[in-house]
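Each residue takes its place number in the sequence, starting with 1.
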Amino acid sequence: MKIVYHEESKVFHLWNENISYVMMVLPNGHLGQLYFGKRIHDRNNMSDMLELAVRPMSSCPFPGDRTFSLEHVKQELPSFGSGDYRSPAVEICQRNGSRICDFQYQSHCIEAGKPKLPGLPATYVEDAAEASTLVVNLKDSVTGICAQLCYTIFARGGILARSVRYHNEGTETVQLTRAMSLCLDLPDCDYEWMQLSGAWARERHVITRKLVMGVQSIGSLRGNSSHQHNPFLVLKRPSATERQGEAIGFSLIYSGNFLMQAEVDAHHTARVLAGIHPDTFSWRLEPGERFQTPEAVMVYTDKGLNDMSQTFHRLYQKRLARGKWRDLARPILINNWEATYFDFTEDKLVQIAERAKECGVELFVLDDGWFGARSSDRAGLGDWVANTTRLPRGITGIAERIEDLGMKFGLWFEPEMVNEDSDLYRLHPDWILAAPQRAKSHGRYQYVLDFSRKEVVDFLYEMMAKILREAKVSYIKWDMNRSITECFSASLPPERQGEVYHRYILGVYDLYERLTREFPEILFESCASGGGRFDAGMLYYAPQGWVSDDTDAVERMKIQYGTSLCYPISSMGAHVSMCPNHQVFRSTSLHTRANVAYFGTFGYELDLNRLTKEEISEVKEQIAFMKQYREILQFGSFYRLKSPFEGNQMAWIAVSEDKRTAIVGWYRVLNTVNGCYTRLRLEGLEPDFCYRDRQSGTSCYGDELMNLGLCTTDSTAGEVTEGKVPCTDFESRIYVLEAENLPGN
């Protein structure tokens with residue numbers, strides 16, 4: 001890992017064993033891009049990478065020189081209005097109405113390690129030797145605005161983190177109307193664009209299409225990263241697969257309005273932008289003030305999508321997630337929501353917990369309905385005081401009863417919302433986001449509290465902290481069940497209303513930071529009607545998130561598969577729920593529901609008292625299996641083997657760090673009749689290890705399993721023979737492969 005600056009050629013080169021990132025100070029003083037990709041040799045003068053040519057009808061800044069045009073030069077911080085007609089990374093509205101900027105190189109510094117981003121989540125290091133950071137200072141001489149471009153290259157993996165900080169060193173107030181975190185200009189457009197999109201209950205489906213001339217984008221204007229689009233995209237070569245080929249992953253560590261965009265111009269170059277969505281955004285920057293953009297992370301690989309994903313997994317597991325629970329296998333929990341909804345008493349909850357304890361569950365989570373006048377979703381939100389009709393001794397009492405059973409206790413909150421029928425709303429009706437003299441839209445009969453106001457965040461912090469100081473709470477599920485409408489803050493002047501969306505998410509981050517700092521032992525799980533805010537920003541505060549409200553095993557195959565493109569298995573909340581499923585009303589076997597949920601944090605979302613003796617016995621076996629292998633399932637190397645978006649079958653595998661144990665999940669949606677012979681080629685094994693299948697007793701070397709494959713043929717597809725269990729729709733199997741006869745044994 002190294003960062004060098006060649007003074008004579010004015011070229012920066014950042015590299016490690018995987019990647020190189022090359023930039024230079026352009027003839028006009030701007031910072032230009034030269035190369036991003038697989039590691040290349042350094043040389044004293046790499047400026048010949050800059051391609052200049054006469055392009056007809058182009059605008060050029062130097063009199064008499066028709067070769068240098070911003071329209072055709074790759075740039076790090078492009079702005080609009082001086083010859084570059086592509087989408088800009090920055091736009092500043094000045095007092096005279098001009099939006100022209102001219103950010104020229106001033107200085108730079110190189111430092112070991114990685115600086116923190118004030119008020120924002122970001123990747124980090126624990127040792128300065130893990131990364132190096134380059135900060136390049138650019139300045140617009142007319143406005144006095146300084147742009148500090150921050151680049152961090154990590155010692156391990158093809159990772160580059162990028163952000164920008166603006167500092168008004170001038171004498172006039174300006175409006176920052178566009179502030180993207182990342183710009184990458186690629187020399188060609190021979191890529192396929194991959195995005196994770198969907199809706200409530202079908203989040204993060206994989207969508208792939210060819211990158212073509214024009215603009216392609218995903219984003220959110222909902223105030224949260226959204227169910228519809230995730231702040232993550234991949235550009236991969238058309239020939240790239242899970243196992244081989246070039247791909248670049250882009251991830252924005254941010255939970256609010258975002259934009260990720262690729263623009264292909266007439267000469268087939270591609271510009272990628274990622275950052276805060278510029279629509280509705282405007283930030284008033286007074287003299288002396290600063291603005292920090294969120295961090296964007298790029299991962300390059302030439303070894304296929306699985307390698308890209310594993311790089312993100314390692315980074316986000318160990319250098320984005322923080323705290324006690326970062327490295328710990330997650331407790332097996334049971335949540336009462338689908339078991340009871342709002343219809344519960346303390347005794348009923350304890351009965352569910354008693355049976356769960358008998359089965360081996362470690363954590364009981366009390367979901368919505370424990371507070372205020374909450375008997376439905378129409379009242380009580382915002383009144384974070386226990387309902388003593390249901391819980392006679394409050395949260396302290398129910399927590400003690402659960403602890404006495406030998407389990408930990410968890411609690412649901414939705415701190416960002418309020419019902420109109422609540423004491424909080426009656427006391428502070430001006431604390432919601434709502435536009436004057438306009439109708440206010442509700443979602444799920446609730447309104448969004450104005451987290452851009454410090455007094456609102458302070459109030460919620462004190463209410464939540466009081467409960468957590470008094471009761472034995474080991475886990476918090478932090479929910480958020482609607483997006484923002486009528487985004488207006490009564491506490492801000494007209495010229496600052498464009499700041500509300502961003503200030504809101506900064507308030508959310510602030511509340512998370514204060515709670516996790518005071519209560520470091522608590523495991524936080526983020527939630528937003530399931531997957532409406534499942535993003536890298538949340539992982540900084542909550543090391544796991546509820547992937548989707550849809551707990552159907554078949555739908556979860558697609559949701560968890562897509563999520564794994566960027567996010568680690570340890571971050572995915574996955575539960576076994578009741579059948580028929582409460583979202584799609586499909587009935588799947590208990591073992592298939594568990595076989596999908598194993599590849600996540602694992603838990604149950606049902607009343608175990610309603611199961612048969614045979615089902616309870618199966619649940620006990622499932623929990624024992626998860627306890628034995630959860631370190632591998634949650635923290636092992638994860639490979640996608642077959643996509644649920646491409647056929648009737650899906651498969652994945654988790655491999656231990658020492659490669660001695662591998663756990664394969666194989667799933668088939670619909671049964672086949674008189675089916676074909678099938679084998680599944682595995683990944684990540686040690687070729688020279690001989691692996692024994694724990695269930696069948698057969699042994700095969702790793703090279704055989706990776707090249708010929710694991711036999712998955714059904715012996716009963718078409719005719720049920722005596723002594724054989726018939727195959728059905730929604731079938732699944734777990735294969736546990738353990739190395740034997742290792743060299744040296």
Side-chain angles (χ1 to χ4, degrees), residues 119 222-224 255-257 280 342 368-389 394-395 411-470 476-515 518 527-529 532-533 541:
R222 297 168 177 263
N224 54 295
S255 309
N257 290 354
T280 74
F342 293 108
D368 195 357
W370 57 267
F371 51 90
R374 188 74 162 175
S375 58
S376 72
D377 57 9
R378 294 173 181 262
L381 269 182
D383 299 337
W384 300 108
V385 178
N387 183 326
T388 53
T389 300
I395 296 302
L411 195 59
W412 179 94
F413 283 94
E414 191 175 2
E416 300 162 63
M417 305 293 157
V418 67
N419 288 124
E420 201 166 29
D421 184 5
S422 68
D423 292 340
L424 176 58
Y425 184 87
R426 286 184 282 270
L427 183 63
H428 296 289
D430 61 321
W431 276 13
I432 67 169
L433 293 172
Q437 300 178 314
R438 303 287 185 184
K440 56 184 188 291
S441 305
H442 74 83
R444 202 173 178 245
Y445 309 107
Q446 62 194 48
Y447 300 95
V448 183
L449 288 167
D450 185 357
F451 266 48
S452 73
R453 300 174 67 161
K454 185 178 184 301
E455 65 270 28
V456 175
V457 176
D458 290 346
F459 181 87
L460 270 298
Y461 169 72
E462 290 302 331
M463 290 197 78
M464 295 176 70
K466 184 177 188 299
I467 293 170
L468 302 180
R469 290 167 188 150
E470 296 173 352
I476 288 177
K477 179 180 178 182
W478 180 319
D479 211 341
M480 190 279 294
N481 279 303
R482 64 154 294 187
S483 298
I484 292 174
T485 55
E486 292 84 42
C487 186
F488 184 93
S489 173
S491 68
L492 292 174
E495 64 272 15
R496 289 195 177 272
Q497 290 300 320
E499 302 174 12
V500 178
Y501 278 115
H502 184 58
R503 288 187 181 274
Y504 176 90
I505 207 66
L506 292 179
V508 173
Y509 291 154
D510 178 49
L511 183 56
Y512 257 117
E513 184 67 35
R514 292 160 71 178
L515 289 170
E518 182 173 353
C527 178
S529 294
R533 202 166 61 189
Y541 306 98

Original post:
Does the pair D479 and R444 meet the rule for a salt bridge (Lys or Arg N to Asp or Glu O under 4.0 Å), with working shown?
Top reply: CA-CA 13 Å; D479 211 341; R444 202 173 178 245; 5.9 Å; no
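- Judged purely by distance below 3.5 Å, without hydrogens or angles, the side chains of N387 and W370 never pair a donor atom with an acceptor atom.
- P415 and L511 make their closest contact through CB-CD2, 4.2 Å (heavy atoms, listed as atom of the first residue, atom of the second, distance).
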List the atom pairs, donor and acceptor, that lie under 3.5 Å between side-chain atoms in residues 453-468 and the rest of the protein, sequence neighbours left out.
residue: R453; atom: NE; partner: E455; partner atom: OE2; Å: 2.8
residue: R453; atom: NH1; partner: D430; partner atom: O; Å: 3.1
residue: R453; atom: NH2; partner: E455; partner atom: OE2; Å: 2.9
residue: K454; atom: NZ; partner: D458; partner atom: OD1; Å: 3.4
residue: K454; atom: NZ; partner: D458; partner atom: OD2; Å: 2.8
residue: D458; atom: OD1; partner: R514; partner atom: NH1; Å: 2.8
residue: D458; atom: OD1; partner: R514; partner atom: NH2; Å: 3.1
residue: Y461; atom: OH; partner: E518; partner atom: OE1; Å: 2.3
residue: K466; atom: NZ; partner: E470; partner atom: OE2; Å: 2.9

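- Considering all non-hydrogen atoms of both residues, G394 and A386 come closest at CA-CB, 3.7 Å.
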**OP:** Please assess E499 against H502 for the test side chain to side chain contact (heavy atoms under 4.5 Å, CB included), listing each intermediate value before the final yes or no.
**Re:** CA-CA 6 Å; E499 302 174 12; H502 184 58; 5.9 Å; no
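- Residues passing the ring pair (Phe, Tyr, Trp, His ring centres under 6.0 Å) test with F488: none are found, sequence neighbours excluded.
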**OP:** Output, in order, the C-alpha distance, side-chain angles, deciding distance and verdict of salt bridge (Lys or Arg N to Asp or Glu O under 4.0 Å) for E416 and R482.
**Re:** CA-CA 10 Å; E416 300 162 63; R482 64 154 294 187; over 6 Å; no
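- Shortest non-hydrogen contact noted between W412 and D368 is CZ3-OD1, 3.3 Å.
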Show every donor-acceptor pair shorter than 3.5 Å between a side-chain atom in residues 376-384 and any protein atom, with sequence neighbours excluded, or say none if there are none.
residue: S376; atom: OG; partner: R378; partner atom: N; Å: 3.2
residue: R378; atom: NH2; partner: Y445; partner atom: OH; Å: 2.9
residue: D383; atom: OD1; partner: D423; partner atom: N; Å: 3.3
residue: D383; atom: OD1; partner: L424; partner atom: N; Å: 3.0
residue: D383; atom: OD2; partner: D423; partner atom: N; Å: 2.9

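- Here the straight-line distance linking atom OH of Y425 with atom CD1 of I432 works out to 4.5 Å at 0.5 Å rounding.
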Original post:
Passes side chain to side chain contact (heavy atoms under 4.5 Å, CB included), L449 versus M417? Steps please.
Top reply: CA-CA 5 Å; L449 288 167; M417 305 293 157; 6.0 Å; no
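- No side-chain donor-acceptor contact under 3.5 Å links N419 to the backbone of D421.
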**OP:** Using the side chain to side chain contact (heavy atoms under 4.5 Å, CB included) rule, take F342 and R374 through it: C-alpha gap first, then chi angles, then the decisive distance, then the call.
**Re:** CA-CA 8 Å; F342 293 108; R374 188 74 162 175; 3.7 Å; yes
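- Partners of Y541 under the ring pair (Phe, Tyr, Trp, His ring centres under 6.0 Å) rule, at least two apart in sequence or in another chain, are Y509, Y512.
- Between the side chain of D450 and the backbone N or O of L433 there is no donor-acceptor pair closer than 3.5 Å.
- Judged purely by atom type and a 3.5 angstrom limit, N224 uses its side chain to pair as donor or acceptor with the backbone of G532.
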**OP:** List the steps, then state whether side chain to side chain contact (heavy atoms under 4.5 Å, CB included) holds for K440 with E420.
**Re:** CA-CA 11 Å; K440 56 184 188 291; E420 201 166 29; 3.5 Å; yes
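- Looking only at side-chain heavy atoms (C-beta outward), H428 and V418 stay at 4.5 Å or farther from each other.
- Taking the ring pair (Phe, Tyr, Trp, His ring centres under 6.0 Å) definition, one finds that Y504 meets it with F451, sequence neighbours left out.
- Rounded to the nearest 0.5 angstrom, C527 SG and R533 CZ are separated by 9.5 Å.
- Note: S452 OG to R496 CZ = 11.5 Å, rounded to the nearest 0.5 Å.
- A side-chain donor-acceptor contact under 3.5 Å links S441 and E486.
- Legend: residues meeting side-chain hydrogen bond (donor to acceptor under 3.5 Å, both in side chains) with E414, ordered by chain and number and at least two apart, are Q446, N481.
- Environment of CZ in R438: sparse, with no more than 12 heavy atoms of neighbouring residues, nucleotides or ligands closer than 6.0 Å.
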